[in-house]
Amino acid sequence: MLQIRTIGSGAKAVQVIYYLNRKRIVFKHIGSAKSEEDLKELLILAEDFIHNYTPELPFEEEVKFDNLMYLHKTQFIGVFYTYAYEILLKTITQIGLNKVGTQLLLDLIVLRIIEPVSKLRSIELLNEYFGIKHRRQSFYKSAPSWLTLKNSAEKINELPRGRASRYRVTQKIVVADFC
């Protein structure tokens with residue numbers, strides 16, 4: 001059976017414990033409080049944890065998980081738009097542009113579809129939006145070779161005739177944008 005324990009003289013620690021073979025086992029450390037106000041909050045958190053973890057009936061096998069989110073204890077770090085990246089990359093692959101350039105070029109194409117900014121700013125936004133890191137040095141090394149890609153991108157014709165003409169126009173715009 002889970003119990004709440006507070007220990008310490010200065011900062012009081014709140015723990016959820018249980019006893020096994022006459023030994024005290026710390027199940028979860030909830031936190032430490034320096035004031036009475038913080039101690040009351042931690043005791044409420046400990047009670048919530050015990051209530052959510054312990055089954056309501058002793059014979060019930062399903063255990064509730066700690067699924068509560070305490071907003072005053074959380075911090076928003078950010079999000080990545082990986083779904084949009086994957087969909088756009090699959091579309092580019094379906095068109096056939098993945099055979100033209102390097103991964104850096106494909107990443108720049110995806111980002112510039114979403115936000116048309118300069119190429120160097122695009123490298124920064126790749127990290128911010130998708131968590132993809134490319135070095136500026138690799139951009140400067142591979143950018144001169146992109147000048148010759150316009151002709152090879154126009155020759156891509158892997159799609160059925162009904163959709164091919166529409167995608168050829170898109171390919172010219174995308175590749176011409178980088179050249």
What distance separates Tyr85 OH from Ile114 CD1, expressed to the nearest 0.5 Å?
10.0 Å

Output the distance between atom CG (Leu42) and atom NE2 (His29), rounded to the nearest 0.5 Å.
8.0 Å

Glu115 atom CD: more than 12 heavy-atom contacts under 6.0 Å:
yes

Sequence neighbours excluded, the answer for side-chain contact (heavy atoms from CB on, under 4.5 Å) partners of Ile87 is Tyr83, Thr91

Begin from the C-alpha positions of Ile44 and Glu41 and carry the test side-chain contact (heavy atoms from CB on, under 4.5 Å) through to its verdict.
CA-CA 5 Å; Ile44 291 171; Glu41 285 184 18; 5.7 Å; no

One pair to check against side-chain contact (heavy atoms from CB on, under 4.5 Å): Leu111 and Phe130. What are the steps and the verdict?
CA-CA 9 Å; Leu111 185 83; Phe130 308 123; 3.7 Å; yes

Could you label the plane-to-plane angle of the Phe27 and Phe49 rings as parallel, tilted or perpendicular, counting under 30° as parallel and over 60° as perpendicular?
tilted

side-chain contact (heavy atoms from CB on, under 4.5 Å), that's the test. Do Val110 and Ile92 meet it? Break it down for me.
CA-CA 8 Å; Val110 167; Ile92 289 171; 3.6 Å; yes

Spacing of Ser142 atom OG and Leu108 atom CG [to the nearest 0.5 Å]
8.0 Å

Give me the ring orientation class for Tyr81 and Tyr129: parallel if the planes are under 30° apart, tilted from 30 to 60°, perpendicular past 60°.
perpendicular

Applying side-chain hydrogen bond (donor to acceptor under 3.5 Å, both in side chains) to Gln137 and not counting sequence neighbours gives Arg135

Mind checking what makes side-chain contact (heavy atoms from CB on, under 4.5 Å) contact with Phe80, not counting sequence neighbours?
Thr82

Hey, quick one: are Val117 and Ile109 part of the same hydrophobic cluster, counting side-chain heavy atoms closer than 4.5 Å, chains of contacts allowed?
yes

Atom pair NZ (Lys12) and CG (Leu43), whose distance is rounded to the nearest 0.5 Å:
9.5 Å

Take Ile132 and Asn127 through the side-chain contact (heavy atoms from CB on, under 4.5 Å) test and state the conclusion after the steps.
CA-CA 5 Å; Ile132 299 172; Asn127 187 19; over 6 Å; no

Could you go through the salt bridge (charged side-chain N to carboxylate O under 4.0 Å, His left out) check for Glu124 and Arg136 one step at a time?
CA-CA 9 Å; Glu124 296 170 5; Arg136 282 186 176 208; 3.1 Å; yes

Between the CG atom in Leu105 and the CG atom in Asn98, the distance rounded to the nearest 0.5 Å is 11.0 Å

